[in-house]
Amino acid sequence: KDLGLNHAHQTHELRGLQVSLPFLSTLASQRTVLVQPHLAFRLNGSPFDSQAKGTPFEPSAKSEAQLKLSQLDLTPYLAYLPTSLPLRLRAAMLDADLRVGFEQTPQVAVKLSGTVQLSRVQWGSGGSQADPAPVLRWDALKLGLADVRPLEQVAKLSSLTLEAPHLSLHRDARGQLALLQSLLSPGVDDAPSNSQATAKPAKPYGGWQVEVAQMRVQGGRADWRDESVTPTAQLALKDLQLQASALALPFAAPMPFEGSASLADASPSTSPTSLSFQGTATDAQATVSASLTDAGFSLGAPYVAQFLRPSMSGVLNAQMDVRWAAASGTAKPAELLVDVVELSLDKLSLSQGKTALASLGHLQMEHALLDPAKQTLVVDKLTVTDPKTTLSRDAQGSWMVESWLKPSASPAAQAKTAASKPWSLELKDMTLRGGTLHFADHFVGKPVNANIGAIAVQVKNFSTSAKKPFALTLAA
C-alpha cells in the first residue's frame, strides 16, 4: 500500500506497509501465549522493521520489541522544526537498532537498549538552509544504550563516540562572534511565561541520572577566523583525539580524560604545534596537565600586531598544570591556578623588515605559578641565554622602544588599564648570561656609542610588591 502525505511543502511516501498479528486472545487460558506482532514499511525510501512479543493481558503486561531503522534521511522533516532554534539542523541520517522492554509490576517500567547513530549531520546558524558553510558537522555520533529508563529519568550508556566533528567559528570585523550571537538571540518561543518565572528551581540536569562508561572523540577539528584584527587571524585545531570514562551526572566522582591535537595557522610553511593533555574534571573542579610542543610565534602574530610594529619569531615549548574550582556561594570565589612546570623559548627574534632589533638564544623558566584572580606571578627560576639588542635614543629624546609600540585605538581602554590594579611579580632566582648590548644616545650634546658584551646578571628574591632588598650581581 502506498500512502502520500503533503504538509509544510513536503511530500512523504510510505511504501510496502506490512502489519501482521498472528494470535491475540483475552481468554484466561490463552493469556500466557506470546503475542508476536510485526510491523514493517519503507518511509521516504528508508526501511523500518520491528518484531515484538509479549503477554499484554497478563497482570504484568510484559512485552519486548525489536526496532530497526536504517539510513533514515531526516532532511524531509527539517521543515517541522521550530524557526526559533538558535542552530538549524540542515542534514542528518538516523540509524537505530533498539530493544524496548515494557512491564507493569505494579509501576509502569520502560527500558531501552541497543544502538542509535546520527551520521552526516550538519548544523547551521539561524537563517535559511542556503547559508554557505555549516557551523558544526560530524560524520557519525554513535550511542550505545545499556539501560535507558525514560520514565525513571535514568540513562546508562555503554559508549558515546563522535567521529570527525568539525566546528567553524568566525568573528567579524565588529568583534561579533556569529555562533554566540545565534545562541544568545531569543526566539519567538523563548520568552518566559509568568508560570515559568515563578516556578521552583530546576533540579540539576533536569532530574536525570546519566552514566557513560566510555566516551571518545576521533578526528575532531575546529577552525577559527577572526576579522576583528589586521591581518585576519586564521587558526585550525586538527586531529583532535579525546577519551574519557566513568562520566556520571550528577557527578559522583571526577571524570578522567586525556587527549591530543595539533594547532596550525593558515601558512602552509608553518609546522603544526602539538598539544596533549590529561586530567580529571567535575562540574565544580578540574585538574589538567598539558604540554605544548614546537609552538611557533606565528600563531599569535595577528594579535601581537595590534600593539607591536616589529614582528616576532621563535619557538615555544611548555608543560603546565592547571587547577580550577568553581565559586561556592559568596564565601569562596572561583579559583584558577596555572603552574608552569617548565617553559622554554628558542630562537626568539624581534625584527622590522630586514632589520634585526633584538634576539634571544634561549629562555628557560621553571615552576612559575600564575594566579589571575590575585594578579600574581611567582617564578622559581628563570635563565636567559645570549640576549642581544640595541638601546638607542634619537635627537628628539625618544627611545627606540617608543616607536615599536602602536597607540591604543581606544582611549577608554587606556584609561581602564591605567586605573586597574598592577600585577605583582616575584623572581626567586634569575640568571642572564652571554648578553650583548649596543648603546647609542643622540640626545646629548655629543653622541654616545658603546658596545657592551659578556653581560652577566644574577638576581635573587626580587619582588615588585615586597618592600625589601634583593640580591643583584652584575658583570660585563
Side-chain angles (χ1 to χ4, degrees), residues 115-119 121 123 136-148 154-169 179 183 204-206 208-224 235-264 272-295 299 316-328 334-343 369-372:
T115 59
V116 177
Q117 175 174 305
L118 276 172
S119 57
V121 175
W123 292 90
L136 176 63
R137 63 179 185 268
W138 63 74
D139 285 355
L141 173 62
K142 302 176 182 178
L143 302 178
L145 280 61
D147 182 5
V148 177
V154 173
K156 297 181 180 181
L157 306 184
S158 59
S159 63
L160 186 157
T161 303
L162 183 59
E163 296 180 356
H166 190 167
L167 176 66
S168 297
L169 297 174
L179 177 60
L183 293 176
Y205 308 102
W208 278 82
Q209 297 180 13
V210 180
E211 297 180 11
V212 184
Q214 295 289 335
M215 291 186 295
R216 182 177 288 108
V217 176
Q218 300 174 336
R221 174 171 179 147
D223 290 331
W224 169 252
L235 298 173
L237 185 72
K238 304 177 182 179
D239 304 320
L240 174 63
Q241 309 292 332
L242 176 62
Q243 295 183 2
S245 60
L247 170 65
L249 302 177
F251 279 96
M255 174 190 68
F257 63 89
E258 63 179 356
S260 62
S262 63
L263 183 64
T273 299
S274 298
L275 171 67
S276 62
F277 54 90
Q278 61 180 5
T280 61
T282 69
D283 54 353
Q285 61 183 6
T287 60
V288 183
S289 296
S291 64
L292 201 62
T293 306
D294 296 334
L299 294 174
L316 170 69
N317 291 275
Q319 294 181 359
M320 63 187 72
D321 296 331
V322 181
R323 300 191 299 274
W324 168 81
S328 179
E335 182 182 62
L336 176 65
L337 295 176
V338 181
D339 182 8
V340 181
V341 179
E342 186 176 8
L343 181 147
L369 184 62
L370 176 69
D371 189 335

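When a residue number appears, it is its place in the shown sequence, counting from 1. All values below were derived from every heavy atom in this structure, side-chain atoms included, with hydrogens, water molecules and symmetry-related copies excluded. All of these numbers come straight from a predicted model, not from anything done at the bench.
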Student: Using atom types as modelled and distance alone, determine if a side-chain donor or acceptor of W324 lies under 3.5 Å from a backbone N or O of V288.
Tutor: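 Side chain of W324 to backbone of V288: no pair is present.
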Student: What I'd like to find out is whether the side chain of R221 reaches to under 4.5 Å of the side chain of L167, using heavy atoms alone.
Tutor: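 A side-chain contact is absent here, since even the closest heavy-atom pair is not under 4.5 Å.
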Student: Is the shortest side-chain heavy-atom distance between D371 and L337 below 4.5 Å?
Tutor: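 The answer is yes, as the side chains (C-beta and beyond) meet within the 4.5 Å cut-off.
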Student: A side-chain contact here means heavy atoms from C-beta on lying under 4.5 Å apart; do P272 and L263 qualify?
Tutor: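 Result no, sub-4.5 Å side-chain heavy-atom pair not found.
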Student: As a quick check of understanding, evaluate side-chain contact (heavy atoms from CB on, under 4.5 Å) for L249 and L247, giving each step before the final call.
Tutor: CA-CA 7 Å; L249 302 177; L247 170 65; 3.9 Å; yes
Student: Taking the side chain as every heavy atom from C-beta outward, state whether L143 and T115 have any pair of such atoms under 4.5 Å apart.
Tutor: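 SC-SC contact between L143 and T115 ruled out.
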Student: State, yes or no, whether a side-chain contact exists between L316 and L343 at a heavy-atom distance under 4.5 Å.
Tutor: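 With C-beta onward as the side chain, the pair touches.
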Student: With a 4.0 Å cut-off on N to O distance, would you call R216 and E163 a salt bridge?
Tutor: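 Not counted as a salt bridge, because no side-chain N and carboxylate O are separated by less than 4.0 Å.
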Student: Could you name each residue pair satisfying salt bridge (charged side-chain N to carboxylate O under 4.0 Å, His left out) that touches residues 238-263, not counting sequence neighbours?
Tutor: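 As it turns out, there is no salt bridge (charged side-chain N to carboxylate O under 4.0 Å, His left out) pair with a partner in residues 238-263 once direct neighbours are skipped.
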Student: Between L292 and T273, is any pair of side-chain heavy atoms under 4.5 Å apart?
Tutor: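 They are in side-chain contact.
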Student: Would you say that L370 contacts V340 through its side chain, given a criterion of any heavy-atom pair below 4.5 Å between the two side chains?
Tutor: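 In short, these two side chains do not touch, never coming nearer than 4.5 Å.
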Student: Distance alone, cut at 3.5 Å: any donor-acceptor contact between the side chains of S274 and S262?
Tutor: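 No, no side-chain donor-acceptor pair sits under 3.5 Å.
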Student: Does a side-chain heavy-atom distance below 4.5 Å link D223 with L169?
Tutor: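 Counting from C-beta outward, D223 and L169 never come under 4.5 Å.
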Student: Testing the basics here: between Q319 and S291, what is the closest heavy-atom pair and its distance to 0.1 Å?
Tutor: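 Residues Q319 and S291, closest heavy atoms: CG-CB, 4.1 Å.
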Student: Using residues 277-284 as the side-chain source, report each donor-acceptor pair under 3.5 Å to any protein atom, sequence neighbours left out, with the distance given to one decimal.
Tutor:
from, atom 1, to, atom 2, distance (Å)
T280, OG1, T287, OG1, 3.2
T282, OG1, A284, N, 3.0
T282, OG1, Q285, N, 3.1
T282, OG1, Q285, O, 3.4
D283, OD2, Y205, OH, 2.8

Student: Can you name the nearest heavy-atom pair linking S245 to M255, along with the distance?
Tutor: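 Nearest heavy atoms, S245 then M255: O-CG, 3.2 Å.
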Student: Can D321 and R323 be counted as an ion pair, charged N to O under 4.0 angstrom?
Tutor: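 No, this pair does not count.
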